[in-house]
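Below, read A as the first sequence line, B as the second, and so on, with proteins coming before strands; counting in each chain starts at 1.
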2 protein chains.
Amino acid sequence: MGPRLRTAPRKQPTQARATATVEVILQATARLLGKDGYDHLSTNKVAAAAGVSVGSLYQYFPSKEALVAALAERHRERVMGLVLERIAAHVDSPPEVAIREIVRGIIEAHGRDRALHRVLSEQIPRIGKLKTLIEDIEVHAAGAVRAWLERRPHGVRVKDPAVAAFIVSHAVEAAVHAGVLGDAAIDPAVLEDEVVDLVLRYLVK
Amino acid sequence: MGPRLRTAPRKQPTQARATATVEVILQATARLLGKDGYDHLSTNKVAAAAGVSVGSLYQYFPSKEALVAALAERHRERVMGLVLERIAAHVDSPPEVAIREIVRGIIEAHGRDRALHRVLSEQIPRIGKLKTLIEDIEVHAAGAVRAWLERRPHGVRVKDPAVAAFIVSHAVEAAVHAGVLGDAAIDPAVLEDEVVDLVLRYLVK
DNA sequence: ATCGAATGTGAGCGTACGCTCGCATCCACG
DNA sequence: CGTGGATGCGAGCGTACGCTCACATTCGAT
């Protein structure tokens with residue numbers, strides 16, 4: 001067998017075997033990330049923990065950063081999907097209902113994969129490429145809220161929809177995030193009521 | 001001269017010279033942190049950038065984490081001092097005034113040392129010592145708001161002061177942080193009006 | 001059954017890092 | 001001005017890391 005040329009470091013898995021490898025690598029990444037943090041993560045450790053050789057890892061992920069990026073991207077798709085879906089489902093609901101449902105959706109989204117979500121939000125901000133990923137989420141979210149505000153002037157008392165959307169999306173995200181993931185977690189039902197109240201009073205009443 | 005015993009790695013500078021060394025080290029840390037990020041920071045690089053030897057650095061900071069912790073702690077004292085002062089100054093002001101002044105204080109606090117504040121919040125790994133430092137801020141802030149709420153039932157329509165304080169403190173911090181430090185910064189005056197409105201409607205009206 | 005491509009392996013090279021230690025230099029104080 | 005503690009220095013040791021490469025194994029198609 002002749003020598004192999006490996007000019008393209010990142011491949012897409014095509015066989016089932018490879019997909020499984022990628023999967024087990026990502027799971028090990030999540031585990032180690034939660035246990036030791038991003039700093040103490042290393043490609044060698046991940047490979048060992050995944051029961052895979054470093055070489056295999058490097059076939060799919062060119063760097064430690066890429067490893068975490070893939071994990072984050074995947075999680076983002078799930079969470080954002082859930083929330084945007086919820087928003088779309090309530091474009092025509094009355095504000096009280098829509099806001100409650102959307103807030104509930106956000107709380108649920110934070111509830112899924114709590115450990116992973118926590119780790120990612122704690123460890124991610126420091127990574128270059130991932131920063132744009134987060135900004136993407138924020139911009140998307142604010143955009144959706146803004147569109148929602150502009151579609152329904154009925155009872156909505158907002159001056160500048162862009163600003164209000166900005167404020168609300170950041171405020172809600174932070175409150176829910178801290179309430180669900182924080183050390184002093186709040187009962188989800190109470191959290192929901194309070195956040196809905198916060199938003200409703202600001203936007204509508 | 002006999003050998004030196006260095007059992008205690010961290011010293012307090014007593015002479016003026018040493019204080020200057022510590023200062024220049026911290027400044028270099030801030031500079032490199034902003035340029036390269038926490039991951040690519042190293043004690044050797046910091047020492048070189050500070051025009052100081054590694055040995056000197058290790059006399060005062062036992063690790064890279066301690067370096068950043070000192071920087072963060074110092075910044076925290078300034079910011080928290082400003083905000084708590086503002087809260088204390090308005091324990092007896094009417095809610096409309098108190099809330100506005102406090103919010104303005106928080107906005108101002110974020111405005112001072114924008115670059116440093118930004119870098120710290122983005123680059124600090126929320127693990128180990130640094131994590132507790134951040135939680136400290138959150139708990140302190142929520143505690144102050146809670147105390148304020150409990151002192152003044154006049155017109156305050158809040159059920160559970162602890163929960164309300166939690167929600168408000170996180171919501172305000174996030175909105176202000178994003179508004180002041182974010183890429184799409186908002187005019188501080190507008191930001192102030194909107195955040196005050198958000199809080200006032202939730203807590204009082 | 002055969003064969004080329006896809007996938008998996010792991011020893012190991014080069015490098016950068018964390019940190020120490022023996023020593024030089026400086027400063028405060030008698 | 002002499003002395004001892006405080007401060008500053010920087011070569012260099014041990015280590016862990018990132019990543020490669022030559023090779024083994026498995027898969028899928030024929």
Measure the distance from CD on B:E65 to C1' on C:dC19 and round it to the nearest whole Å. 16 Å
What are the atom names and distances for every N/O pair under 3.5 Å that joins the protein to nucleotides 12-17 of chain D?
from	atom 1	to	atom 2	distance (Å)
D:dC17	OP1	A:K45	NZ	3.4

Counting N and O atoms only, with roles assigned by atom type, does the side chain of B:K159 sit under 3.5 Å from a partner on the main chain of B:A164, one being a donor and the other an acceptor? no
Please give, in whole Å, the distance from D:dT25 P to A:Q15 CD? 17 Å
Residues that A:H90 engages under ring-ring contact (aromatic ring centres under 6.0 Å, His included), provided they are two or more places apart: none
B:E85, CD atom: more than 12 neighbouring heavy atoms under 6.0 Å: no
D:dC27 P sits how many Å from A:R17 CZ, rounded? 5 Å
What is the separation between atom CD on A:E23 and atom C1' on C:dT7, rounded to the nearest whole Å? 17 Å
Rounded to the nearest angstrom, tell me the gap between atom CG in A:L57 and atom P in D:dC21. 17 Å
Exam field: side chain A:R31 to backbone A:A49, donor-acceptor pair closer than 3.5 Å: yes
Between C:dG10 (P) and A:Q59 (CD): distance, integer Å: 14 Å
What's the closest nucleotide to the B:S56 side chain, out of C:dT7, C:dT9, D:dC9? D:dC9
Please state whether the rings of B:H117 and B:H110 are parallel, tilted or perpendicular, taking 30° and 60° as the class boundaries. tilted
Minimum-distance nucleotide to A:T21 side chain [options: D:dC27, D:dC9, C:dG8]: C:dG8
N/O (side chain, B:Y60) to phosphate O (OP1/OP2, D:dG8) under 4.0 Å: yes
Rounding to a whole Å, what distance do you find between A:Y58:OH and D:dA22:C1'? 18 Å
Ring centres under 6.0 Å, that's the criterion: do B:H170 and A:H177 meet it? no
